[in-house]
Number of protein chains: 2
Amino acid sequence: MSQDASRFLPMANAIRALTMDAVQAANIGHPGMPMGMADVATVLYADYLKFDPADPHWADRDRFILSAGHGSMLIYALLHLTGYASPTLDDIRNFRQLGSVCAGHPENFLIDGVECTTGPLGQGLAMGVGFALAERHLNAQFGDDLVNHRTWVMAGDGCLMEGVNHEAIGLAGHLKLSNLIVLWDDNNVTIDGKVGLSSSEDIRARYRATGWHVVDCDGHDVASIRAAIDEALASPLPSLVACKTIIGKGAPNKQGTSGVHGSPLGADEIAAARVELDWPHEPFLISEDIMADWRSLGARGAAAHAEWSARLDASATKAGFLARFASVADQAGPAVQAHIRDLAAKPQKIASRVASQKALEPLTVALPQLIGGSADLTGSNNTKTAATHGITAENYGGRYVYYGIREFGMAAAMNGMMLHGGIVPYGGTFLIFSDYARNAIRLSALQKAGVVYVLTHDSIGLGEDGPTHQPVEQVMSLRLIPNLTVFRPADAVETAECWALALATPATPSVLALSRQNLPQVRGEGDAEWTPAGNRSAKGAYRLKAAMAARKVVLMATGSEVSVALDTAAALEAQGIGADVVSMPCQELFNRQDAAYKADLLPADTLKVSIEAGVTHGWERYTGLDGLTIGLDRFGASAPAEVLFQHFGFSAEKIVPQILAKLGN
Amino acid sequence: MSQDASRFLPMANAIRALTMDAVQAANIGHPGMPMGMADVATVLYADYLKFDPADPHWADRDRFILSAGHGSMLIYALLHLTGYASPTLDDIRNFRQLGSVCAGHPENFLIDGVECTTGPLGQGLAMGVGFALAERHLNAQFGDDLVNHRTWVMAGDGCLMEGVNHEAIGLAGHLKLSNLIVLWDDNNVTIDGKVGLSSSEDIRARYRATGWHVVDCDGHDVASIRAAIDEALASPLPSLVACKTIIGKGAPNKQGTSGVHGSPLGADEIAAARVELDWPHEPFLISEDIMADWRSLGARGAAAHAEWSARLDASATKAGFLARFASVADQAGPAVQAHIRDLAAKPQKIASRVASQKALEPLTVALPQLIGGSADLTGSNNTKTAATHGITAENYGGRYVYYGIREFGMAAAMNGMMLHGGIVPYGGTFLIFSDYARNAIRLSALQKAGVVYVLTHDSIGLGEDGPTHQPVEQVMSLRLIPNLTVFRPADAVETAECWALALATPATPSVLALSRQNLPQVRGEGDAEWTPAGNRSAKGAYRLKAAMAARKVVLMATGSEVSVALDTAAALEAQGIGADVVSMPCQELFNRQDAAYKADLLPADTLKVSIEAGVTHGWERYTGLDGLTIGLDRFGASAPAEVLFQHFGFSAEKIVPQILAKLGN
């Protein structure tokens with residue numbers, strides 16, 4: 001089973017040579033990590049990793065994650081050498097150039113075989129926890145025959161120092177994810193210098209304290225690496241394999257220093273390295289025998305893949321298994337149809353977080369892919385449903401993750417689960433703590449991972465917890481992230497509509513910003529025969545109430561302020577001033593509508609007024625410079641919600657005079 | 001020295017009673033933590049904490065931080081009982097009501113004696129690291145006579161689970177901050193239930209692995225608490241005192257459960273608790289003898305304060321000491337004057353991150369308060385100057401913190417140092433990783449802590465590292481945070497001007513968004529005799545270049561796009577179209593100018609065009625709906641900067657046709 005180790009050194013040097021040459025050609029990049037971990041990577045791919053270059057999407061492949069994403073040339077070299085269709089040698093020659101799939105950091109949306117996008121330190125490892133958890137959950141559902149693979153993470157000192165590392169390994173240790181193996185590039189060097197410049201911790205003891213198995217090896221000795229990995233695989237715990245390496249190994253004058261971390265070696269040092277490595281070939285040239293050795297490695301995985309396919313074909317659960325990996329895009333709308341029709345018949349004045357749970361009840365029944373969770377706010381986020389029970393180390397078949405007080409780790413784990421396939425995760429915390437998870441939310445968007453963030457307590461409407469907990473800038477700032485859809489529904493009907501829309505975009509993550517406080521149901525009329533095709537939130541904004549008197553004003557609002565807009569419109573109409581009310585649960589979807597729809601909804605000849613209990617900056621996109629933006633451009637305060645709404649001017653009584661002044665009345 | 005411990009139980013019960021009554025009156029709040037930690041708090045205040053209720057600002061007081069800020073009634077009770085001027089009993093009666101200083105979470109800007117604003121979990125502890133480091137640094141400068149105090153943090157399981165905890169304790173352990181003592185409320189309960197629902201880690205072993213001393217005690221036994229604290233004080237390491245407590249102790253039916261964490265006890269349980277605690281008094285009433293015991297505690301600190309004042313008066317360094325705690329607001333402008341005049345004489349085409357370092361050189365010489373640092377990107381952030389040397393466990397007198405790969409921990413530590421007084425911290429990371437630290441940046445703003453964030457690599461202009469590292473939404477999203485000033489300077493002159501402005505607002509934190517790539521110097525004309533009063537960036541935006549032909553267009557831009565705007569203006573002028581160029585290094589400052597200034601700069605009868613290599617959402621505030629917003633509403637790509645600027649349309653060649661089309665030419 002094990003490969004002939006005498007061939008490993010030249011194979012590893014092929015990684016080193018491609019790395020040196022590509023970084024030099026780009027004149028920018030990180031040679032240190034790929035050169036340091038080349039031996040470990042060679043052993044991993046030769047003897048352990050289950051992969052089939054002919055099918056990077058094979059569901060039961062092992063997942064390999066380069067958490068130290070700046071060492072991207074390592075994975076590009078590995079994928080090319082083992083015979084994946086991409087990257088080609090030309091891609092590698094064009095490392096870091098426009099149009100090359102070999103971007104500065106590995107991006108899952110550019111190359112099959114890159115499981116997730118890494119670079120923001122710590123998150124690759126934290127996503128690895130999600131991958132490993134996804135595997136265990138699907139294993140519990142479908143058995144060893146169909147789901148039985150490992151998640152391998154390669155991480156550097158930076159990944160282990162980031163706070164998200166603490167959250168991630170805490171969760172993995174608690175859930176005893178023994179299928180997760182972290183190969184730590186223990187080279188003792190960071191950008192600023194030696195690790196000892198800023199850290200004195202005993203990493204091994206910390207991992208052990210967190211429920212991990214730890215084993216050491218010499219990262220340049222094949223037998224030592226094999227022995228350590230074998231020990232890791234035998235442990236019932238997640239494992240940290242500490243690989244003692246020399247950063248930039250092979251560059252005789254620069255190896256072992258921070259100088260080799262993130263800069264090209266330079267022509268002279270590359271020449272010296274070619275001598276050191278006994279690598280006489282011209283740049284980018286891999287000799288036929290070494291390439292043949294690399295290309296032979298895929299045979300093991302191809303055989304395993306064939307056996308797996310035969311098992312799948314013979315399996316009684318084949319259809320169910322394949323369905324789990326299919327898109328749920330078309331299924332969410334029908335799943336909430338009966339619920340919305342019920343709401344039309346029996347309106348409910350409830351918080352939108354409660355409305356979210358009511359929408360989730362039928363959704364979690366209809367969609368076994370949905371895995372819920374919360375960062376220790378289950379009862380507040382209303383994320384748990386009757387169909388979802390806790391996932392534990394003893395029962396991975398549950399469908400609800402108690403993430404603990406780990407918002408960033410939760411978001412990263414959700415990304416990992418989604419990118420694994422077979423699972424659509426949603427997870428809750430307070431909207432304010434989206435700040436803690438913000439870069440993982442951004443990575444959901446960048447990676448095209450359509451997870452759903454259930455972010456409750458969405459404004460000063462949460463009341464007494466005060467400004468530390470009251471989001472004022474979060475809704476607008478989340479809207480700024482490309483490929484993220486932010487929903488702020490006005491009532492129970494819109495909440496269900498927004499859930500259907502959120503689950504309809506597997507490549508676009510969503511945020512649901514939900515109220516703590518009760519909201520009157522503003523919808524229902526015309527919804528008795530609701531169908532997914534008639535989802536009024538789908539265009540992002542719609543006319544909820546048309547002016548009765550001659551229209552002079554259009555009030556647009558989101559979430560809890562829609563009812564304030566309705567009150568305001570009523571007060572204006574009472575004075576003979578016609579006012580439309582536009583509910584705008586999703587700016588991103590509205591932005592995509594055609595000019596005619598936008599002009600019809602927000603006509604040029606009206607005073608356009610936005611009402612949202614958050615910062616006004618950004619609303620000028622809809623009100624124009626001569627409109628009126630009602631919002632909160634300061635931090636909130638601690639008091640009951642209704643007091644704060646009055647105090648900060650979110651009432652018809654406070655808004656009407658401002659509109660009259662604008663109209664010159 | 002030690003107080004008579006027989007009096008401690010009724011004193012602790014006073015905390016419990018005030019907590020029960022205040023939470024019940026508000027009908028919302030968190031009784032569990034204050035009731036559980038009442039005994040520990042009583043021992044701390046009676047025997048250890050150095051405090052003087054008559055002067056909450058005394059520089060050499062111990063700092064007490066309630067990291068578990070939801071237990072705010074604990075600190076309100078302590079401050080009231082020990083005789084601080086605020087909060088009054090009326091404030092406590094009005095807990096969580098509008099206008100009461102007793103907000104849902106403790107807020108430093110409402111009550112003297114609350115050292116920092118807590119609630120977002122983990123950050124109180126992380127700020128505590130900054131407080132402790134500030135003390136050690138000032139001790140190294142001024143000696144034991146003037147600076148010799150401790151930082152006490154009370155933290156819950158949530159604080160210890162958050163990722164920022166890992167970063168904070170790693171830094172504290174590395175720097176051997178023995179003056180930092182964390183009192184851990186080890187009650188084994190979180191909101192979702194028992195800690196074991198989501199965590200299995202050995203917290204003691206983890207802290208030990210990170211360079212901490214750990215000691216256990218029974219949190220309801222005075223002798224045990226005293227012994228543990230004494231052991232902690234004797235250790236040369238920072239200490240974790242694990243206080244085994246019963247959450248909500250005193251509520252006979254609910255204590256020890258998650259139900260007591262965040263909900264009022266209810267009238268029945270409060271009645272039962274009054275029996276259990278032998279507390280017959282009516283709500284909010286503290287008997288005279290118990291109050292007298294509490295009020296007597298301040299005498300110890302008052303005496304220490306008097307002795308300290310005498311030492312200060314006798315000290316040769318008195319003036320220097322007092323100056324360290326004074327505002328630097330007026331000093332930064334003069335400090336950069338010669339530098340700016342030099343730039344006027346000898347223009348430099350350099351990256352604004354390099355320009356930042358050049359401005360910091362004279363600033364760090366003139367202002368000993370400035371303590372720099374970086375999250376392992378010193379050479380990239382250009383944050384280290386000749387005047388600043390590393391702070392180490394062996395030499396706290398340095399002025400540069402190697403924070404390690406700990407962005408969130410760095411930002412929180414900066415907040416702690418600033419709020420300690422005597423220090424003005426600045427710290428660097430890549431702008432993209434402001435996401436990791438975002439909630440600490442928000443807390444800088446909320447807490448009125450005027451730290452400076454040096455955020456480099458501020459756009460696609462960073463080039464080859466690609467979209468994981470290229471901020472597109474960060475500049476605009478930081479602008480949305482209230483009381484945070486975001487600067488994006490165009491060249492070396494503006495960078496120095498913005499540094500002067502950033503340091504001029506001790507109660508408002510600042511962000512400097514700085515380029516990786518070189519920028520031509522666009523300023524210099526008229527700057528040969530530059531003075532602080534003539535800081536052109538002070539109004540946030542100014543006319544950099546006036547139209548020559550009849551003005552039809554106003555181009556506004558920030559940072560690296562100002563030179564693109566100048567190129568565009570030149571191209572328009574060549575076609576006979578007059579175009580102003582407005583440089584807008586700071587939207588927040590511009591927003592504050594009067595209508596006349598705004599109208600003069602951005603006249604209604606012109607086509608207003610914004611150019612910024614980031615999201616366009618938000619620019620409509622200045623361009624209006626009929627203007628043109630040139631930006632990047634998608635993620636970037638990996639390629640050299642100049643290639644990306646062309647590719648994404650940031651060049652006169654690409655922009656001029658869009659302007660001509662708008663003008664109808």
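Below, chains carry the letters A, B, ... as their sequence lines are ordered, and counting in each starts from 1.
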Apply ring pair (Phe, Tyr, Trp, His ring centres under 6.0 Å) to the pair Y436(B) and F408(A), showing each step before the final yes or no. CA-CA 9 Å; Y436(B) 277 49; F408(A) 198 0; 5.0 Å; yes

How far apart are the closest heavy atoms of [X] and [Y], and which atoms are they?
{"X": "M161(B)", "Y": "G404(A)", "answer": "SD-CA, 3.9 Å"}
{"X": "R516(B)", "Y": "I28(A)", "answer": "NH2-CD1, 3.3 Å"}
{"X": "Q97(A)", "Y": "A639(B)", "answer": "C-CB, 4.2 Å"}
{"X": "E162(A)", "Y": "I405(B)", "answer": "OE2-CG2, 3.2 Å"}
{"X": "P467(A)", "Y": "L446(B)", "answer": "CB-CD1, 3.9 Å"}

Relative to chain A, which segment of [X] carries a heavy atom at a distance below 4.5 Å: side chain, backbone, both, or neither?
{"X": "L98(B)", "answer": "both"}
{"X": "A393(B)", "answer": "neither"}
{"X": "F433(B)", "answer": "side chain"}
{"X": "Q470(B)", "answer": "backbone"}
{"X": "Q447(B)", "answer": "neither"}
{"X": "R442(B)", "answer": "both"}
{"X": "P106(B)", "answer": "neither"}
{"X": "H70(B)", "answer": "neither"}
{"X": "R634(B)", "answer": "backbone"}
{"X": "V472(B)", "answer": "both"}

Considering only heavy atoms from C-beta outward, does the side chain of L484(A) approach that of E473(B) to under 4.5 Å? no

Looking at side-chain heavy atoms only, is the closest gap between T117(B) and T468(A) below 4.5 Å? yes

Tell me whether [X] contacts the main-chain N or O of [Y] through its side chain, where contact means a donor paired with an acceptor under 3.5 Å.
{"X": "H617(B)", "Y": "R621(A)", "answer": "no"}
{"X": "R406(B)", "Y": "S198(A)", "answer": "yes"}
{"X": "E167(B)", "Y": "G163(A)", "answer": "yes"}
{"X": "N439(B)", "Y": "D435(A)", "answer": "no"}
{"X": "D192(A)", "Y": "T378(B)", "answer": "yes"}
{"X": "S638(B)", "Y": "A103(A)", "answer": "no"}

Winner by heavy-atom pair count (cut-off under 4.5 Å) against chain B, out of [options]:
{"options": "R206(A), E201(A), R96(A), R479(A)", "answer": "R96(A)"}
{"options": "P482(A), G614(A), G119(A)", "answer": "P482(A)"}
{"options": "L480(A), L175(A), D202(A), L644(A)", "answer": "L480(A)"}

Does a donor on one side chain sit under 3.5 Å from an acceptor on the other, for R438(A) and S434(B)? no

Which residue out of V164(B), I441(B), I432(B) racks up the most heavy-atom pairs below 4.5 Å with chain A? I432(B)

Can you classify the ring geometry of H469(B) versus H105(A) as parallel (below 30°), tilted (30 to 60°) or perpendicular (above 60°)? parallel

